[in-house]
*Asks:* 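Below are the structure tokens for one structure; questions will follow.
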Amino acid sequence: MNKWPKQVTIKEVGPRDGLQNEKTAISTEDKIAWINQLSKTGLTYIEITSFVHPKWIPQLSDALEVATRIERAPGVTYAALVPNQKGLEKALAAQVDEVAVFMSASETHNRKNINKSIEETFPVLEEVVRAAKQEGKTVRGYVSTVFGCPYEGNVSVEQVIRVSERLFDMGIDELSLGDTIGVATPKQVQELLEIVLKRFPKEKLAMHFHDTRGTALANILISLEMGITTFDSSLGGLGGCPYAPGASGNVATDDLVYMLHGMDIATGIDVGRLTEAALFIQEKIGRPLSSRYLQTIST
């Protein structure tokens with residue numbers, strides 16, 4: 001019996017989760033050009049920006065301009081991160097296809113990231129989800145620090161379930177479980193998913209791994225075995241979390257595509273075009289990106 005799925009959905013988060021932590025400022029024109037390239041790779045989902053206050057994430061202060069000026073390809077969902085009602089108003093003005101709300105499973109990271117306790121965050125997000133749904137948008141929920149917190153260490157599965165249940169109760173369409181600081185191991189992923197999959201359907205779950213300790217692809221492999229078929233990734237391995245010290249980049253989209261295609265798992269992604277887009281943003285950032293795939297073609 002073949003335990004691998006035939007197809008996997010990759011959600012590209014580079015333009016948001018990737019660029020938000022970069023020290024090099026990327027021009028609005030280059031962001032737009034990059035997203036336009038990504039739109040031609042076969043990706044069906046691109047998280048293009050974040051409508052948070054520019055004071056918190058200055059790299060994405062041009063969110064409205066980026067979202068309104070990109071060339072939208074048919075069949076591609078263009079999503080943006082939204083922290084509150086004010087951010088939602090801008091996201092709706094920019095006509096994003098999907099709204100993503102976010103919070104942490106650990107109290108300290110939530111306070112550092114959102115400036116609120118977990119309990120204080122729930123009503124804010126509930127208002128956003130309800131309003132987005134009324135406008136006919138799909139809504140994605142992110143839970144950060146699912147496997148560990150830079151401030152508190154281990155995070156209990158019960159806490160992850162509690163936060164996840166509240167988000168689903170609000171009406172989110174999909175939940176992305178994030179290993180924000182890249183501490184998870186396959187055993188930990190398996191143990192968490194065994195419990196989570198008893199509560200929520202696998203079709204509504206995505207995994208979001210960072211490769212800080214080199215375990216992201218191994219964690220994706222165990223997630224695949226357990227029936228998860230949606231994964232977030234960032235081209236070239238761009239990114240990190242401004243409020244999680246030591247968090248390095250997301251799992252690289254190009255590394256993930258290489259692995260999946262080698263396992264005869266379809267992604268719909270054109271490797272040649274994906275590589276061109278990776279080389280483009282690598283040049284704009286002005287340093288070698290961390291993906292292994294890029295390193296093999298750059299040498």
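What's counted below: heavy atoms across the whole structure, side chains too, no hydrogens, waters or symmetry copies.
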*Asks:* Are the charged groups of E22 and R287 less than 4.0 angstrom apart, N to O?
*Replies:* yes

*Asks:* In Å and rounded to the nearest 0.5 Å, what is the CD1 to CD1 distance from I10 to I220?
*Replies:* 8.0 Å

*Asks:* Go through V66 and T28 one step at a time and tell me if the side chain to side chain contact (heavy atoms under 4.5 Å, CB included) criterion holds.
*Replies:* CA-CA 7 Å; V66 168; T28 303; 4.0 Å; yes

*Asks:* Under the salt bridge (charged side-chain N to carboxylate O under 4.0 Å, His left out) rule, what do E191 and K187 come out as? Steps first, then yes or no, please.
*Replies:* CA-CA 6 Å; E191 288 169 355; K187 180 175 182 282; 2.8 Å; yes

*Asks:* In the structure I gave you, are the side-chain heavy atoms of T230 and V8 within less than 4.5 Å of one another anywhere?
*Replies:* no

*Asks:* Under 3.5 Å, is there a donor-acceptor pair between the Y151 and E107 side chains?
*Replies:* no

*Asks:* Looking at every non-hydrogen atom in both residues, tell me the closest pair between R213 and G182 and how far apart they are.
*Replies:* NH1-O, 3.2 Å

*Asks:* Side chains of T267 and H261: donor-acceptor distance under 3.5 Å anywhere?
*Replies:* yes

*Asks:* Would a distance-only check, ignoring hydrogens and angles, find a side-chain to backbone donor-acceptor pair under 3.5 Å from T180 to T145?
*Replies:* yes

*Asks:* Heavy atoms, side chains only, cut-off 4.5 Å: are L294 and Q282 in contact?
*Replies:* yes

*Asks:* Less than 4.5 Å apart, side chain to side chain, heavy atoms only: is that true for R273 and Q37?
*Replies:* no

*Asks:* Without hydrogens or angle criteria, can the side chains of E98 and T77 be said to hold a donor-acceptor pair below 3.5 Å?
*Replies:* no

*Asks:* Quick check: is I114 connected to V124 through a chain of hydrophobic side chains (ILVMFWY, heavy atoms under 4.5 Å apart)?
*Replies:* no

*Asks:* Donor-acceptor pair, N110 side chain versus K116 backbone, under 3.5 Å?
*Replies:* yes

*Asks:* Can you confirm whether R72 is buried at CZ, in the sense that more than 12 heavy atoms of other residues, nucleotides or ligands lie under 6.0 Å from that atom?
*Replies:* yes

*Asks:* Are there more than 12 heavy atoms of other residues, nucleotides or ligands under 6.0 Å from atom OH of Y258?
*Replies:* no

*Asks:* Taking the side chain from N219 and the backbone from T215, do they hold a donor-acceptor pair closer than 3.5 Å?
*Replies:* yes

*Asks:* If hydrophobic clusters are built by linking Ile, Leu, Val, Met, Phe, Trp and Tyr wherever their side-chain heavy atoms come under 4.5 Å apart, do L43 and V76 end up in the same one?
*Replies:* yes

*Asks:* Could you go through the side chain to side chain contact (heavy atoms under 4.5 Å, CB included) check for N250 and L238 one step at a time?
*Replies:* CA-CA 6 Å; N250 298 263; L238 269 171; 5.9 Å; no

*Asks:* Any donor-acceptor pair under 3.5 Å linking the side chain of S117 with the backbone of E120?
*Replies:* yes

*Asks:* What closest approach, in Å, do V163 and A105 show between heavy atoms, and which atom pair accounts for it?
*Replies:* CG2-CA, 4.3 Å

*Asks:* Decide yes or no on salt bridge (charged side-chain N to carboxylate O under 4.0 Å, His left out) for E47 and K11, but give the supporting numbers first.
*Replies:* CA-CA 8 Å; E47 193 174 67; K11 302 205 164 180; over 6 Å; no

*Asks:* Can you find a side-chain donor-acceptor pair between T253 and E12 that sits under 3.5 Å?
*Replies:* yes

*Asks:* Within a 6.0 Å radius of atom CD on Q95, are there more than 12 heavy atoms belonging to other residues, nucleotides or ligands?
*Replies:* no

*Asks:* List for me each residue that meets side chain to side chain contact (heavy atoms under 4.5 Å, CB included) alongside S164, sequence neighbours excluded, and say none if there are none.
*Replies:* V143, V160, L175, L177, F200

*Asks:* Going hydrophobic residue to hydrophobic residue with side-chain gaps under 4.5 angstrom, can you get from V196 over to V183?
*Replies:* yes

*Asks:* Are R140 and F102 in a cation-pi setup, meaning NZ or CZ lies under 6.0 angstrom from the ring centre and within 45 degrees of the ring axis?
*Replies:* no

*Asks:* So how far is it from L235 CG to T275 OG1, rounded to the nearest 0.5 Å?
*Replies:* 8.0 Å

*Asks:* Rounded to the nearest 0.5 Å, what separation is found between the NZ atom of K6 and the CG atom of D264?
*Replies:* 11.0 Å

*Asks:* How far does CZ of R166 sit from CG of D169, to the nearest 0.5 angstrom?
*Replies:* 7.5 Å

*Asks:* Regarding S144 and N113, is there a side-chain donor-to-acceptor distance under 3.5 Å anywhere?
*Replies:* no

*Asks:* If you group Ile, Leu, Val, Met, Phe, Trp and Tyr by side-chain heavy-atom gaps below 4.5 Å, do I48 and Y45 land in one group?
*Replies:* no

*Asks:* Do R292 and Q295 have side-chain atoms, one donor and one acceptor, less than 3.5 Å apart?
*Replies:* no

*Asks:* Under a 4.5 Å cut-off applied to non-hydrogen side-chain atoms, are I118 and S104 in contact?
*Replies:* no

*Asks:* Could you check whether the rings of Y142 and H208 sit parallel, tilted or perpendicular, using 30° and 60° as the cut-offs?
*Replies:* perpendicular

*Asks:* Tell me the closest heavy-atom pair linking G239 and N21, and the distance in Å.
*Replies:* C-CB, 4.3 Å

*Asks:* Between F231 and L224, is there a side-chain heavy-atom distance shorter than 4.5 Å?
*Replies:* yes

*Asks:* Have S27 and D30 got a donor and an acceptor in their side chains that come within less than 3.5 Å?
*Replies:* yes

*Asks:* Indicate yes or no: does D62 engage K31 in a salt bridge with an N to O separation below 4.0 Å.
*Replies:* yes

*Asks:* Between K40 and E276, is the salt bridge (charged side-chain N to carboxylate O under 4.0 Å, His left out) condition met? List the steps.
*Replies:* CA-CA 11 Å; K40 294 171 184 167; E276 284 173 22; over 6 Å; no

*Asks:* Hey, what do you get for OH (Y78) to OG1 (T49), rounding to the nearest 0.5 Å?
*Replies:* 14.0 Å

*Asks:* Measure the shortest side-chain to side-chain distance between Y293 and V271 over non-hydrogen atoms and say whether it is less than 4.5 angstrom.
*Replies:* yes

*Asks:* Using 4.0 Å as the upper bound for N to carboxylate O, is an ion pair formed by D232 and R16?
*Replies:* no

*Asks:* Any side-chain donor paired with an acceptor under 3.5 Å for D179 and H210?
*Replies:* no

*Asks:* side-chain hydrogen bond (donor to acceptor under 3.5 Å, both in side chains) between D270 and T41: does it pass, once the steps are laid out?
*Replies:* CA-CA 5 Å; D270 181 313; T41 61; over 6 Å; no

*Asks:* Determine, step by step, whether E174 and K204 satisfy the salt bridge (charged side-chain N to carboxylate O under 4.0 Å, His left out) criterion, reporting the C-alpha distance in whole Å, the side-chain angles of both residues, the deciding distance to 0.1 Å, and the verdict.
*Replies:* CA-CA 5 Å; E174 182 179 70; K204 292 198 165 194; over 6 Å; no

*Asks:* With side chain to side chain contact (heavy atoms under 4.5 Å, CB included) as the test, would you mind laying out the steps for V13 and S234 before giving the verdict?
*Replies:* CA-CA 5 Å; V13 298; S234 175; 4.2 Å; yes

*Asks:* With the threshold set at 4.0 Å, does a side-chain nitrogen-carboxylate oxygen contact exist between K90 and E65?
*Replies:* no

*Asks:* Between F209 and S223, does a side chain to side chain contact (heavy atoms under 4.5 Å, CB included) hold up when you go through it step by step?
*Replies:* CA-CA 11 Å; F209 292 111; S223 304; 3.6 Å; yes

*Asks:* State, yes or no, whether a side-chain contact exists between L19 and I285 at a heavy-atom distance under 4.5 Å.
*Replies:* yes

*Asks:* For the residue pair D173 / T138, report whether a side-chain donor-acceptor contact shorter than 3.5 Å exists.
*Replies:* no

*Asks:* State whether the number of non-hydrogen atoms from other residues, nucleotides or ligands found under 6.0 Å of K133 atom NZ is greater than 12.
*Replies:* yes

*Asks:* Less than 4.5 Å apart, any side-chain heavy atom of I228 and any of L197?
*Replies:* yes

*Asks:* Please check if atom CD in E119 has more than 12 non-hydrogen atoms from other residues, nucleotides or ligands closer than 6.0 Å.
*Replies:* yes

*Asks:* Please round to the nearest 0.5 Å and tell me the distance separating atom CG of L205 and atom CE of M226.
*Replies:* 11.0 Å

